[in-house]
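In the text below, chain A, chain B and the rest are named by the order of the sequence lines, each starting its count at 1.
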2 protein chains.
Amino acid sequence: MRSKDELRSKAFWCLLGINLFENLRPEDMQELSRYTQNRKYQRGEMIYLPGDPATTVYFLKKGRVKLVYLDEHGRKLTLAICRPGQPFGELMPDEDHKRSRFMAQALEDVELCLIGRDELIRFAQERPHLSLRLAKWVGQQLREMESKLEDLIFRDVPVRLARLLERLAREEGVPATEGIEISLKLTNREIADLIGSTRETTTVLLSQLRRSGVITKRHGRFIITDLEGLKQRCAN
Amino acid sequence: MRSKDELRSKAFWCLLGINLFENLRPEDMQELSRYTQNRKYQRGEMIYLPGDPATTVYFLKKGRVKLVYLDEHGRKLTLAICRPGQPFGELMPDEDHKRSRFMAQALEDVELCLIGRDELIRFAQERPHLSLRLAKWVGQQLREMESKLEDLIFRDVPVRLARLLERLAREEGVPATEGIEISLKLTNREIADLIGSTRETTTVLLSQLRRSGVITKRHGRFIITDLEGLKQRCAN
DNA sequence: AAGATGCTGTAAGCCAGCTTACAGTAAGGG
DNA sequence: CCCTTACTGTAAGCTGGCTTACAGCATCTT
């Protein structure tokens, strides 16, 4: 059986690589790690569902996770794709501890560590620097939401699709022989959910882009073969 | 000429009634007030414009202010209506101090006090409780944005209009003989901007609601005469 | 009083993109 | 290997709500 110390140092290690906790003093890390847990999920598994009490904050260690809004009629909108190092979950829920309206789903095999919202806040209460970082994190989420809103109101579906692909190429792209490969397995349905459109419309638009030589597909992953052409389609 | 103390206590008074600074120690209030300024604006005046550097945080003392997103083609979306006691402005802008994409306009004669973002953050740095409140504030903005997004994607225009009127009746309503009066002068154009629709469509829908006996208008202000009927129209 | 400016009301026409429907293809699993 | 399930591709039709266009009012200005 492993010693407590070993377990603790393992948890400690878990906190490394998380942007939010960079530059934290080692003894603080040590303390914080006592409140954390490690979890693993397989591709496709749900990490939390709409309606689950929003009392936990998650930090991605490995794999990617998508955050999806689900409405009462089953329509979906994917709000974000989180990458290793990033936190997700609701840090600042309603006064009345209302349940989250989002779900988090593993896009790949995922490793994460989690911490109770109240513990994290109590811990931050005595560490102003961390508190401000939390505020900054929430501020980032806010800005992402704003840009999502901007897209959905002011841009039409073809432009939203082009902008999504351009962003994915920038954020998740790896160089390939034909161009930039988006290192994410995404179905047309998932892309549709990301741009707030339907599967059918998205399929048609993707076919057009393929025929125009802007993109191609290999092993279920998209490759941007003409980044310039794509960028032209990002404007209204 | 007035003494420094008098000026200071006046500024101090300015901080009272602002939710964010409730329960702050008097000496902290005293110090914070040294960084603040008071300003007045008339109905219709701009407080800041898109493109202005986002370095200031505002606290409303009197009157209401609307925050509007303006796109490059002149289309508008009103994101929020702020009321006395509420803060607005961008507390947590991009790393690169990107300029705000919003404008703030006085809906009525307005009194506010303002403080530099950096000063406020430096001040909060040593007061963890305040830092967490800032995070909570940003969290609230985030939730409002989420609900705006939800409306815009999943609900059609008539429902969005009904929900807006219901919300305004709840938040800005005062009892009147015929029903609940919304204590805000709003043109059809402004209502259209609030629900992400056009002036014409909004006019038609408002006329329908009037003909159905759900609302009426007096002195440029709407009165909800049939709250139940309105609530029925809030569902999809 | 006349003119300018901005708000309200109404209506015809149009179109992006959602719906519905179906066929073909890939892939996972027993 | 077959069978089931899920994904992709295509197309006809419909419709919510945006566009465009005007006319009548209400303020405000000088």
Side-chain angles (χ1 to χ4, degrees), chain A residues 42-45 66 71 73-78 105 107-109 151-165 182 184-212 215-223 233 235-236, chain B residues 42-44 71 73-78 105 107 151-165 184-212 215-223 233 236:
Chain A
Q42 284 177 5
R43 175 177 163 76
E45 263 189 286
K66 67 174 176 180
D71 93 335
H73 306 293
R75 288 171 297 191
K76 284 185 210 164
L77 180 76
T78 301
Q105 186 178 18
L107 273 177
E108 304 163 343
D109 289 354
D151 258 41
L152 282 160
I153 299 166
F154 295 127
R155 300 184 214 282
D156 60 20
V157 174
V159 170
R160 297 211 293 268
L161 177 60
R163 286 168 61 88
L164 173 72
L165 291 173
I182 293 169
L184 261 174
K185 258 196 175 137
L186 291 171
T187 66
N188 291 4
R189 181 74 225 270
E190 286 175 308
I191 292 176
D193 290 344
L194 276 161
I195 60 177
S197 178
T198 57
R199 203 273 307 164
E200 293 82 348
T201 302
T202 305
T203 299
V204 169
L205 293 173
L206 283 170
S207 307
Q208 279 172 19
L209 287 177
R210 179 144 7 106
R211 259 179 262 122
S212 314
I215 60 173
T216 183
K217 210 173 185 179
R218 211 182 44 198
H219 312 135
R221 293 188 174 87
F222 287 98
I223 300 171
R233 282 158 229 258
N236 265 15
Chain B
Q42 284 178 5
R43 174 176 164 76
D71 93 335
H73 306 293
R75 287 171 296 191
K76 287 185 209 163
L77 180 75
T78 302
Q105 186 177 20
L107 273 176
D151 257 41
L152 282 161
I153 299 167
F154 296 126
R155 300 183 214 285
D156 61 19
V157 174
V159 171
R160 296 210 294 269
L161 178 59
R163 287 168 60 88
L164 173 72
L165 291 173
L184 262 174
K185 255 193 177 141
L186 291 171
T187 66
N188 289 6
R189 180 75 226 269
E190 286 176 309
I191 291 176
D193 291 343
L194 276 161
I195 61 177
S197 177
T198 56
R199 203 272 307 164
E200 293 81 349
T201 302
T202 305
T203 298
V204 169
L205 293 173
L206 284 170
S207 306
Q208 279 171 18
L209 287 177
R210 180 144 6 106
R211 258 178 263 122
S212 312
I215 59 172
T216 183
K217 210 174 186 180
R218 210 182 44 199
H219 312 135
R221 294 188 173 83
F222 286 97
I223 300 170
R233 282 159 230 256
N236 265 15

Within residues 188-196 of chain A, the residues having a heavy atom closer than 4.0 Å to DNA chain D are A:Asn188
Counting only heavy atoms not in A:His73, do more than 12 sit closer than 6.0 Å to its NE2 atom? yes
State which of D:dT10, D:dC18, C:dG17 makes the closest approach to the side chain of A:Ser207. D:dT10
Of the nucleotides D:dG17, D:dT20, D:dC18, which one has an atom closest to the side chain of B:Glu200? D:dT20
For the side chain of B:Thr201, starting at C-beta, report the closest nucleotide among C:dT10, D:dC18, C:dC7. D:dC18
From the list D:dC7, C:dG9, D:dG9, which nucleotide is the closest neighbour of the side chain of A:Thr187? D:dC7
From A:Lys217 atom NZ to A:Leu209 atom CG, the distance as rounded to the nearest 0.5 Å: 12.5 Å
Which of these nucleotides, C:dT19, D:dC18, D:dA21, is closest to any side-chain atom of B:Ser197? D:dC18
Quick check for you: among D:dC18, C:dG17, C:dT10, whose closest atom lies nearest to any side-chain atom of A:Val157? C:dG17
Rounded off to whole Å, could you give me the NZ-to-P distance for the B:Lys185 and D:dA26 pair? 15 Å
Please report, rounded to the nearest Å, how far the P atom of C:dC7 is from the CZ atom of B:Arg221. 16 Å
Which one of A:Leu194, A:Leu152, A:Asp193, A:Ile195 satisfies the side chain to side chain contact (heavy atoms under 4.5 Å, CB included) criterion with A:Leu77? A:Leu152
Minimum-distance nucleotide to A:Arg199 side chain [options: D:dG9, C:dC7, C:dT10]: D:dG9
